[in-house]
There are 2 protein chains.
Amino acid sequence: MKSVQEKRVFQIENRLKKQGCSMTNQRRLIIDEIMRNGSHFDIESLMAAIRMREPKTARATVYRTVKILADAGMIKKEILGDTHSHYEIAGRDHGHFICTLCGRIIELGCPTLTGFLASAAESHNFTVDRHSIELFGRCGECERKRGMEEAA
Amino acid sequence: MKSVQEKRVFQIENRLKKQGCSMTNQRRLIIDEIMRNGSHFDIESLMAAIRMREPKTARATVYRTVKILADAGMIKKEILGDTHSHYEIAGRDHGHFICTLCGRIIELGCPTLTGFLASAAESHNFTVDRHSIELFGRCGECERKRGMEEAA
DNA sequence: TTCCTTGCAAACACTTTGCAAGGCC
DNA sequence: GGCCTTGCAAAGTGTTTGCAAGGAA
């Protein structure tokens with residue numbers, strides 16, 4: 001019985017093959033590792049996870065593979081204002097909330113977003129192809145912890 | 001009679017002095033140049049403008065001064081996903097629309113934004129301190145030009 | 001005169017590229 | 001076997017830092 005993850009990896013491999021990319025061990029490994037770690041990742045942690053399984057994998061290979069996946073539209077570069085790049089598995093439109101205390105990233109899929117995009121585009125007369133919406137602040141849990149610490 | 005720009009530069013200088021920063025020629029020059037060029041700028045064009053007036057100004061000085069202004073809250077770093085940093089003169093909350101054809105940056109100050117922020121924060125139970133909202137696409141003018149070119 | 005600021009060059013962090021060796025099909 | 005991919009090291013970018021000399025107060 002195949003897991004959801006295995007199916008996803010398999011699909012991605014097939015799509016890449018159809019585009020004329022050969023499937024090598026490192027590529028399989030990198031794709032598998034990306035799919036394993038939830039929907040968001042950065043190069044640094046991806047590298048670490050990959051080196052764990054295949055220590056002599058070169059940084060360049062990881063960067064190149066990630067670029068191929070991004071060009072093929074399977075992952076998307078995210079702009080989080082950090083010095084290093086973040087990526088996520090491509091999916092529907094959404095924004096992010098990033099907790100500046102615990103680093104957690106929460107997806108905003110709420111319908112308000114769609115409404116906001118439409119009304120902004122209309123009132124300024126432009127066509128929106130792509131967006132990057134990031135809200136920074138404190139998640140409920142961290143906010144609560146902070147309150148407790150201050151009370152103490 | 002002083003121009004609006006001169007007044008703004010003067011105010012900023014005063015605020016910096018109160019914070020214990022001495023006002024040097026380069027700092028005055030850099031602040032003046034930032035204020036002159038509309039509300040958005042990046043280091044590269046700022047450098048170019050400054051070198052025009054004071055050719056031996058060091059990159060490091062510009063970076064350092066910009067950092068001071070940002071720490072003092074007078075300008076804000078913007079996250080546009082480009083490789084290099086963008087800044088803008090601090091003001092009220094807003095988002096940006098960036099035309100990917102002509103590079104123009106248009107501010108979104110529309111009330112929908114405020115509504116969106118509030119509803120997103122509420123429905124996900126977090127506190128928003130700061131946001132970065134960027135929409136990428138084509139402005140009305142470029143969209144029209146493109147239509148004409150395709151018709152031809 | 002005392003401390004802060006500057007210019008320069010070197011260091012940095014992240015990413016990309018050139019090239020010979022190796023692996024896929 | 002031919003071509004694509006890899007690893008390595010070197011080059012690139014944008015930014016920051018250490019330090020001696022110069023300038024503000």
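Chain A is the first sequence line, chain B the second, and so forth, proteins listed ahead of strands; every chain is numbered from 1. Values in this document were obtained by computation on a predicted structure and should not be read as measured data.
Toward the 5' end of DNA chain C, the nearer of the two residues Y63(A) and M23(A), judged by each one's closest nucleotide, is Y63(A).
T127(B) contributes no side-chain N or O that, together with a main-chain N or O of G137(A), makes up a donor-acceptor pair within less than 3.5 Å.
Note: CD1 (I30(B)) to C1' (dT6(C)) measures 10 Å, nearest angstrom. Residue N25(A) contributes atom CG, which lies 10 Å from atom P of dC25(C) at whole-angstrom precision. Taking atom CG of L69(B) as the reference point, atom P of dT5(C) lies 12 Å away to the nearest angstrom. The CZ atom of R59(B) sits 8 Å away from the P atom of dG14(D) (whole-angstrom rounding). For L46(A) and dT15(C), the CG to C1' distance is 14 Å, given to the nearest whole Å. Atom-to-atom, CG of L29(A) to P of dC24(C) comes out at 13 Å; the value is rounded to the nearest Å. Protein atom CZ of R51(A) is 14 Å distant from nucleotide atom P of dT6(D), rounded to whole Å. In this entry the distance linking CD of E78(B) with P of dG14(D) reads 19 Å, nearest Å.
Taking side-chain N and O atoms only, T24(A) has no distance below 4.0 Å to OP1 or OP2 of dC24(C). Side-chain nitrogen and oxygen atoms of S85(A) include at least one within less than 4.0 Å of the OP1 or OP2 phosphate oxygen of dT15(C). Between dC4(D) and S22(A), no contact under 4.0 Å exists linking OP1 or OP2 to a side-chain N or O.
Of the candidate nucleotides dC24(C), dT15(C), dT6(C), dT15(C) has the atom nearest to the side chain of I43(A). The R64(B) side chain lies nearest to dC19(D) when the options are dC25(C), dC8(D), dC19(D).
Among the heavy atoms of the strands, none lies under 4.0 Å from K67(A). Contact annotation for R27(A): backbone-only contact, meaning every heavy-atom pair under 4.0 Å involves sugar-phosphate atoms and none involves a base. When heavy atoms are screened at a 4.0 angstrom cut-off, Q26(B) is found touching the sugar-phosphate backbone but no base atom.
No single ILVMFWY cluster, assembled from side-chain heavy atoms under 4.5 Å apart, contains both I89(A) and I133(A).
When only modelled atom types and interatomic distance are considered, E107(B) and H124(A) share no side-chain donor-acceptor pair under 3.5 Å.
The distance from atom NE2 of H40(A) to atom CD of E78(A), rounded to the nearest 0.5 Å, is 7.0 Å.
Note on R36(A) versus D32(A): salt bridge recorded, some NZ/NE/NH1/NH2 to OD/OE distance being below 4.0 Å.
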